[in-house]
Amino acid sequence: MARGFRIRTNKVGLPPGTVVHVGEERTGPVRITVIDYDQDHLREFCPTSLDMLAEFRSSPTVTWIKVVGVHTPEVIEEIGRSFEIHPLVLEDIVHTDQRPKMEDYDDRVFIVLRLLSRVEGEGGRGEIRSEQLSLIVGRGLLISFQETDMDVFEPARDRIRKSKGKIRRLGADYLAYSLIDAVVDSYFLILEEVGEELEVLEEELLGGPTPEAAQEIHRLKRDMIFLRRSIWPLREVISRLSRGESEIFTEPTEIYLRDVYDHTVQAIEAIETFREVLSGMLEIYLSSISNRMNEVMKVLTIIATIFIPLTFVAGIYGMNFDYMPELRWQWGYPAVLLFMLISGVIMLLYFRRRRWI
Amino acid sequence: MARGFRIRTNKVGLPPGTVVHVGEERTGPVRITVIDYDQDHLREFCPTSLDMLAEFRSSPTVTWIKVVGVHTPEVIEEIGRSFEIHPLVLEDIVHTDQRPKMEDYDDRVFIVLRLLSRVEGEGGRGEIRSEQLSLIVGRGLLISFQETDMDVFEPARDRIRKSKGKIRRLGADYLAYSLIDAVVDSYFLILEEVGEELEVLEEELLGGPTPEAAQEIHRLKRDMIFLRRSIWPLREVISRLSRGESEIFTEPTEIYLRDVYDHTVQAIEAIETFREVLSGMLEIYLSSISNRMNEVMKVLTIIATIFIPLTFVAGIYGMNFDYMPELRWQWGYPAVLLFMLISGVIMLLYFRRRRWI
Amino acid sequence: MARGFRIRTNKVGLPPGTVVHVGEERTGPVRITVIDYDQDHLREFCPTSLDMLAEFRSSPTVTWIKVVGVHTPEVIEEIGRSFEIHPLVLEDIVHTDQRPKMEDYDDRVFIVLRLLSRVEGEGGRGEIRSEQLSLIVGRGLLISFQETDMDVFEPARDRIRKSKGKIRRLGADYLAYSLIDAVVDSYFLILEEVGEELEVLEEELLGGPTPEAAQEIHRLKRDMIFLRRSIWPLREVISRLSRGESEIFTEPTEIYLRDVYDHTVQAIEAIETFREVLSGMLEIYLSSISNRMNEVMKVLTIIATIFIPLTFVAGIYGMNFDYMPELRWQWGYPAVLLFMLISGVIMLLYFRRRRWI
Amino acid sequence: MARGFRIRTNKVGLPPGTVVHVGEERTGPVRITVIDYDQDHLREFCPTSLDMLAEFRSSPTVTWIKVVGVHTPEVIEEIGRSFEIHPLVLEDIVHTDQRPKMEDYDDRVFIVLRLLSRVEGEGGRGEIRSEQLSLIVGRGLLISFQETDMDVFEPARDRIRKSKGKIRRLGADYLAYSLIDAVVDSYFLILEEVGEELEVLEEELLGGPTPEAAQEIHRLKRDMIFLRRSIWPLREVISRLSRGESEIFTEPTEIYLRDVYDHTVQAIEAIETFREVLSGMLEIYLSSISNRMNEVMKVLTIIATIFIPLTFVAGIYGMNFDYMPELRWQWGYPAVLLFMLISGVIMLLYFRRRRWI
Amino acid sequence: MARGFRIRTNKVGLPPGTVVHVGEERTGPVRITVIDYDQDHLREFCPTSLDMLAEFRSSPTVTWIKVVGVHTPEVIEEIGRSFEIHPLVLEDIVHTDQRPKMEDYDDRVFIVLRLLSRVEGEGGRGEIRSEQLSLIVGRGLLISFQETDMDVFEPARDRIRKSKGKIRRLGADYLAYSLIDAVVDSYFLILEEVGEELEVLEEELLGGPTPEAAQEIHRLKRDMIFLRRSIWPLREVISRLSRGESEIFTEPTEIYLRDVYDHTVQAIEAIETFREVLSGMLEIYLSSISNRMNEVMKVLTIIATIFIPLTFVAGIYGMNFDYMPELRWQWGYPAVLLFMLISGVIMLLYFRRRRWI
Ligand SMILES: [Mg+2]
Ligand SMILES: [Mg+2]
Ligand SMILES: [Mg+2]
Ligand SMILES: [Mg+2]
Ligand SMILES: [Mg+2]
Ligand SMILES: [Mg+2]
Ligand SMILES: [Mg+2]
Ligand SMILES: [Mg+2]
Ligand SMILES: [Mg+2]
Ligand SMILES: [Mg+2]
Ligand SMILES: [Mg+2]
Ligand SMILES: [Mg+2]
Ligand SMILES: [Mg+2]
Ligand SMILES: [Mg+2]
Ligand SMILES: [Mg+2]
Ligand SMILES: [Mg+2]
Ligand SMILES: [Mg+2]
Ligand SMILES: [Mg+2]
Ligand SMILES: [Mg+2]
Ligand SMILES: [Mg+2]
Ligand SMILES: [Mg+2]
Ligand SMILES: [Mg+2]
Ligand SMILES: [Mg+2]
Ligand SMILES: [Mg+2]
Ligand SMILES: [Mg+2]
Ligand SMILES: [Mg+2]
Ligand SMILES: [Mg+2]
Ligand SMILES: [Mg+2]
Ligand SMILES: [Mg+2]
Ligand SMILES: [Mg+2]
Ligand SMILES: [Mg+2]
């Protein structure tokens, strides 16, 4: 079973707001990077102590604190204390099986997305991996939490460094939009790959139904269930953000959010279409099997129907009765052969009339 | 048929508000425990008479009256009189086939949930048990009614005793939330088990379609229908509570209710996903059967198609006609053998070209 | 086809409001019973003339006029004139194929429900019967119209007579609620029976797929379609009544209506669940048939695959060629037998490796 | 393919509001009848020139102008000019593939309905015909456009002539209602016929699955798709009219519209039920085929499994080896016969134990 | 796989608002045509430089700038600068995989539609092509962007030139409506073709199930998925425009938009109907295969069941035992023949009674 369907419950019985990591087991240190910028200045560094983050709590510049790794509760709790984050939010950050959602805390917005990637699995097949991206967006502040260091945000970081686009002129809300946009763009990479696999699979199916093709169809169907579950709720999240539900997101950014909303809908539609295409493929597969069975049975029936009666006739004249007058006739043998030939031809004509051959 | 699908009707014809127990037959005494606490004091006891409950009707502390067993109408009616509970509510408490719901009576909220557990059934298979949990929440008062003493609330009680978390500082509404949270958490234990069974079942299916696997798929499908029916309406119940529909639930608790709402949605999504996965498995199962049938028929057809005509030829020369010149030829026998060999090889080549072998 | 699916059209072309009976053909006199009561007095009688009803048009007591039989238009029209009932309402009363609905005429509410029962049909099978119950509820007045004298209202009448429950203290709206409650309760009797039949059917299916079981599944599926159609719209009717849409229904009664609303939802859910269970059973049935076919084919293929080639070999040595050296060998016969045995064993091993045996 | 599924496009490229007839090709003159009435007077005539219609544009009486035939654009345009009808409305009148709809132009309402009938088609099978009925309703004015002269409005016209019912006392809106009611009533005639065919079909199916029954099921399924598409949008149309969306329709008529709304819902429900019943029949059909195949295969397998091995044994002793001691034994032949008998009986017992026979 | 299902992602990582062409690769110059008109004057020309467009930014006449080809970002960007178009809109114009949508920018409306056509594909089969049409509508200004020069707008241009219809009297919003109407009309050309193919396919199916028919069904099913995806969102777009959501579209045009809304709904309904018809065809196809298989198996079983036992009997008397008294009897041979004849006839009667023949 794909990893995405696993239910993890090691939190049962604990009081609400307890920061215990739930999810894929991971090790290694938590890496924190700080990027602080406005239109004129840029500062980027990895803090050696969590105390160094304190000064950014209400700096006028835009501060992006990028946290990679959420499996060390102490670090998350420390950050939570520094920035006064609600314990339930901290719990959601480390409990990495959340579905996409958005929670508005007036001066902060908490957003959860799924970071998806497609890696080479066993047997050379693409396997979809999913991790959680949590964003806390405030005025001039963005804290992002992710499980591993996927490079999906590299282009956005580059744009900040090189001051490309509007990113340096606008606030933390635009930065948050940029990250969400990068995530949604990455979904299309997966969908492109799946689309190509569908094309290959379709051509395979034309060559006849193989059990491997059936298994591949089912594997992809399940991938689509998983993708839909991961992306579907994001539509509502972005819709609410773009409709101005939170005060953190300003009007210029809302126009950009409408754009990423369009992309999300496109991704969902592609998934739905793939699902329908896969269902169609399964129908083709099953009707091909029926067809093949029909072919096989027709061959058997034609051969058996022609030869079983003839063998019976041969059996008659293979009997050892003392008194069988036909056996003594001069033309007995040719007559029987002729009779057999005529029977066979009649059978063939019958099959042709029924369009079996 | 699973117990959950049974319809029980021993109440027909009685006037509304009649307190008659409807549900699983149970015996034994009703056990009542009282936990009364505020931030500084804690008192826990089992009342020897129902009169002892009267003092808690409007005490300033938080009072949790935990009633285990609802099969003795007299006790329920007595409690109903003490705390002025509407007869229709009492009827719902003892009629234990309610679906999750919430009813607002201004100074009281009546909430019904399903307590689910998975026990070893016949044949070592997990079987889902369901009982009813009824909560009456007032200011400083929580009365809970359950059918048996499931230990799902032990952690919450522990937190009260040890003054862990916020539970001792907040009111009866937060206590009610804690119990609802414990119930929803327990759903995930069941879903985890089902998920693991799905993994096992999936691997079994790879080894070929067995009737046992089909039965297991259908058993789990039915379990999912049952789970969905038990959990689905809870989503609406918690949503209404968290949106502040009742005055009993205060704003700080509403944030916590939003958290348990997320968990309920996650549980429902897991159920839907399991359903889709099970449907996919059934498709795999059925297409495997078709495939197998195809294989079987191909073997039969190949063997029959090769040997039935050859047997016919042998039958020809087994006939006892006096005048059959071939029988007298020196090379008749080898010629027939050669002819048979060539026929067989041609058949094999034909099957190979049609990709049957 | 079940009676419920019949469409009856003997009303086409008549002007609207024409009172012509449409429905199951019935005979016999229309029976009218009047029960007039308040908290202190009770009067029950069968009026010998319709004029006797006039005095109850605006009496301060609660008057229940129970009309059994709607196939005599004159009686219905006479009552309509006495109580100033809209012609379209009279038409609906005698046109007994209405779906459940509620119409508010300020000082009157017109409610239609389906009275369902399950009777022994042909072949000892339960068959669902449906008739129409029409209620006209005013202040202090309830007129009920039903097609036959089902005893479903006996308990309510008993409660009036014996002054049990609240029924004597409250108005005509509570009486209407009591009748609706009795009707919904009677649905559960049907659902209980269906549930028990499902259990029996399920055990039958475990013993193997019989065509009778398939027919029974389809029969029950159709019953579920019929039940759903009869009950589903009632949900909306009761919801509107309980939300206070009509002024006739007072607030205390609305709480009771919420209770019967819960029961209606439970009934609908049970129907939906039964439908899903029946679909699952059909899947089991069909996959069992496939399995059986597979078994049959495997037996045929194993037998044929082993013996057809061997018969061919025997046929070879049954040929009558003059020059067949093997026939003359001393060990020819045992050698052939051994060869046949080895062939057979190899075949068996092959089948075992493919897990056919 | 049923006529209803044809898409007609001979209007592409023309400017909007062009009056070009699109639909079933028809010939013959356009017939116009005028009925002008109030409570006391009645006048009915066929105008010889379109100028005769001018006086009725704002007469205080109710004027019904009945136009039969919309395939002559000039006539429709002339009427349009006389009564100041919007070009887009005229276009809809002659483009006869509209779905039911209602458009409110303050002092006029434009309503489109489908007139359905069931005629004897090829092979004696009922075939559904559909044409368009367009109504323009104003104060004291109703213009109706239909394609052919179906007699569905005869009863309404009769009531006007004989002054039966309310029709002479009320306005053009009540007349419009009467026509709509007549159309909806005519749907039930079709549904009654289909219901009877379903009954016949069901009994046929009990006698075994024939390809003709399958084709009949599919034909009826398609009819249901067609009916649903023709009737479904009417529900919304009547609902909007009965909720007082247009000022043309007065309150007394709205009560009557609610009645015809009920009938529309009943018709839609009947269609949905027929669809579900037809799906069930198809399931019965397919499972019967599977059952039959199973029966056939069992007969084949039993016969083959018993006799193929026995034939092999006979083949053994039909071999012509010189040295076969059994052939010389006195009791060889009876021993072999006995062995064969025992084999056969064992086989039969095996089949009985597997419940094949 | 049809082109429509391909996902294209060469934009990942770029900042939002980057104008990079995404879609079908195309070459050739971008062709721009300007048509400027009011009721009295008309001017039509192809600008040699983009600067020539500047004067039309706020001219009082209606200006239609028709841009064919969006694969040259520089041109699009230049136009964007001239007319102050939002970068995100420019991006959508060149990213040609948008779904239909409408965005309101107060003094401008941005509308996206799909231009569909059906071309001869490989094997002479119709293949649906899709390109993007983007419209920017302002007061007195319409800029249209399309990928290739489909002639769908020729009739509208003709009407402008010849001053036919209202087009010259009304504003840019009416012009925009005319283009949308032309696009929706062109959908019906495709649907008409598909409808005709369905008719042909249906007749083919009556002649028996061929694998080609199954493939054709699946191909058309996929075309329907594609069409639905392309047209479905347009319904909402036009509905919003016709409900007056934008100030650019004036009330007279809104009536015309309601007309094109009707057509869109009709197109969607036709697609849905075709989908249902195709599903029905697949059911017919699959049940025909089952029927055929049944026929084939019956022939095999009848032949085998009659002749295998007879062959066994012949085999018995072909055995070479020394002591087989029947072989010596005078009437042995005729007796056996008679026995065989009777067996065969009994078998035939058995099959007839089971209705196999
Ligand atoms: Mg969905
Ligand atoms: Mg969806
Ligand atoms: Mg969509
Ligand atoms: Mg979607
Ligand atoms: Mg979609
Ligand atoms: Mg969908
Ligand atoms: Mg649901
Ligand atoms: Mg969801
Ligand atoms: Mg869900
Ligand atoms: Mg979902
Ligand atoms: Mg659902
Ligand atoms: Mg869903
Ligand atoms: Mg329904
Ligand atoms: Mg429903
Ligand atoms: Mg429900
Ligand atoms: Mg339901
Ligand atoms: Mg449900
Ligand atoms: Mg439903
Ligand atoms: Mg449901
Ligand atoms: Mg459903
Ligand atoms: Mg529907
Ligand atoms: Mg629908
Ligand atoms: Mg309904
Ligand atoms: Mg319906
Ligand atoms: Mg429906
Ligand atoms: Mg849809
Ligand atoms: Mg859709
Ligand atoms: Mg529709
Ligand atoms: Mg639709
Ligand atoms: Mg539809
Ligand atoms: Mg749709």
Side-chain angles (χ1 to χ4, degrees), chain C residues 1 5-9 11-18 86 88 91-92 97-99 101 103 208-209 211 214-215 218 221-222 225-226 229 282 285-286 289-290 292-293 295-297 299-300 303-304 307-308 310-311 314-315 317-320 324 326-333 336-337 340, chain D residues 154-155 159 164-167 177-178 181-182 185-186 188-189 191-192 194-195 198-199 202 255-256 258-260 262 265-266 269-270 272-274 276-277 280 283-284 286-288 290-291 293-294 297-298 300-301 304-305 308-309 311-312 314-316 318-324 354-356:
Chain C
M1 171 145 306
F5 297 126
R6 214 171 282 157
I7 304 292
R8 304 185 187 93
T9 52
K11 214 181 59 84
V12 168
L14 294 179
T18 311
H86 196 288
L88 286 174
E91 189 186 331
D92 281 353
D97 289 339
Q98 307 295 317
R99 63 202 296 268
K101 67 170 177 177
E103 282 171 14
Q215 239 162 58
H218 282 111
K221 266 183 124 174
R222 189 163 302 180
I225 296 175
F226 182 65
R229 212 181 67 176
L282 198 67
Y285 176 80
L286 290 172
I289 286 187
S290 288
R292 283 226 159 176
M293 179 92 82
E295 285 311 301
V296 170
M297 293 309 302
V299 168
L300 173 61
I303 293 291
F307 287 103
I308 286 179
L310 299 185
T311 303
Y317 293 107
M319 293 193 297
N320 299 317
M324 287 179 71
E326 300 95 312
L327 296 180
R328 312 301 152 216
W329 298 348
Q330 164 96 22
W331 297 104
Y333 177 50
V336 160
L337 285 187
M340 285 172 169
Chain D
E154 216 37 56
R159 260 178 281 144
K164 262 207 304 208
K166 302 178 145 191
I167 204 161
Y177 149 74
S178 300
D181 184 52
D185 275 0
S186 74
F188 283 92
L189 290 172
L191 291 171
E192 189 178 30
V194 172
L198 280 180
E199 276 188 61
E202 192 155 57
I255 294 178
Y256 286 89
R258 280 209 290 274
D259 188 62
V260 76
D262 280 0
V265 171
Q266 268 177 301
E269 265 195 354
E272 292 298 326
T273 302
F274 286 170
E276 293 186 79
V277 167
E283 284 174 5
I284 295 176
L286 290 172
S287 70
S288 304
S290 288
N291 259 318
M293 178 91 83
N294 240 349
M297 293 309 302
K298 272 203 294 208
L300 173 61
T301 301
T305 308
I308 287 179
T311 304
F312 164 66
I316 293 280
M319 293 194 297
N320 298 317
F321 283 99
D322 283 357
Y323 183 71
M324 287 179 70
R354 298 199 70 164
R355 297 209 201 177
W356 290 11

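Each chain gets a letter, A, B and so on, in the order its sequence line appears, and its residues count up from 1.
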query = Side-chain contact, heavy-atom cut-off 4.5 Å: D:L300 with C:V296?
reply = no

Partners passing side chain to side chain contact (heavy atoms under 4.5 Å, CB included) against C:W329 (at least two apart in sequence or in another chain) = C:P325, C:E326

key: Nearest-0.5 Å distance that lies between atom CD1 in C:I303 and atom OG1 in D:T301   = 10.0 Å

ask   = Between C:H86 and D:D259, is any pair of side-chain heavy atoms under 4.5 Å apart?
value = no

task = Flag the one option from D:L191, D:N291, D:L286 with the top tally of heavy-atom pairs under 4.5 Å to chain C.
result = D:N291

ask   = For the atom pair CZ (C:R229) and CD (D:E269), what is the distance rounded to the nearest 0.5 Å?
value = 6.0 Å

ask   = Would you say D:Q266's side chain and C:D97's backbone share a donor-acceptor pair under 3.5 angstrom?
value = yes

key: For the student: nearest non-hydrogen atoms of D:Y323 and C:Q330, plus distance   = CD2-O, 3.6 Å

key: Rounded distance (nearest 0.5 Å) linking atom CZ of C:R222 with atom CD of D:E276   = 10.5 Å

remark   = Closest heavy-atom pair, D:R159 versus C:P16, reported as atoms and distance to 0.1 Å, is NH1-CD, 3.5 Å

ask   = Do you know which two heavy atoms are closest between C:H218 and D:S287, and how far apart they sit?
value = CE1-OG, 4.4 Å

note = So OG1 of D:T305 and CZ of C:F307: to nearest 0.5 Å the spacing works out to 10.0 Å

task = Look up atom CE in D:M293 and atom CE in C:M293, then write down how far apart they are to the nearest 0.5 Å.
result = 5.0 Å

request  = Side chain from CB out, backbone as N, CA, C, O: work out which of these in C:E295 comes under 4.5 Å of a heavy atom of chain D, or both, or neither.
outcome  = both

message = What I'd like to find out is whether the side chain of D:R354 reaches to under 4.5 Å of the side chain of C:V299, using heavy atoms alone.
response = yes

message = If I measure from the heavy atoms of chain C, does D:E154 come under 4.5 Å with its side chain, its backbone, both, or neither?
response = neither

ask   = Should C:F226 and D:V277 count as side-chain neighbours, where that means a heavy-atom distance under 4.5 Å?
value = no

inquiry  = Run the side chain to side chain contact (heavy atoms under 4.5 Å, CB included) test against C:P209 and tell me which residues pass, sequence neighbours left out.
reply    = C:Y285, C:S288, C:I289, C:R292

Contact origin within C:M340 toward chain D - heavy atom pairs under 4.5 Å = side chain

query = Top residue by heavy-atom pair count (under 4.5 Å) with chain C, among D:T311, D:V194, D:I255, D:I167?
reply = D:I255

request  = Mind checking the CD-CG spacing from C:E103 to D:D262? Nearest 0.5 Å is all I need.
outcome  = 6.0 Å

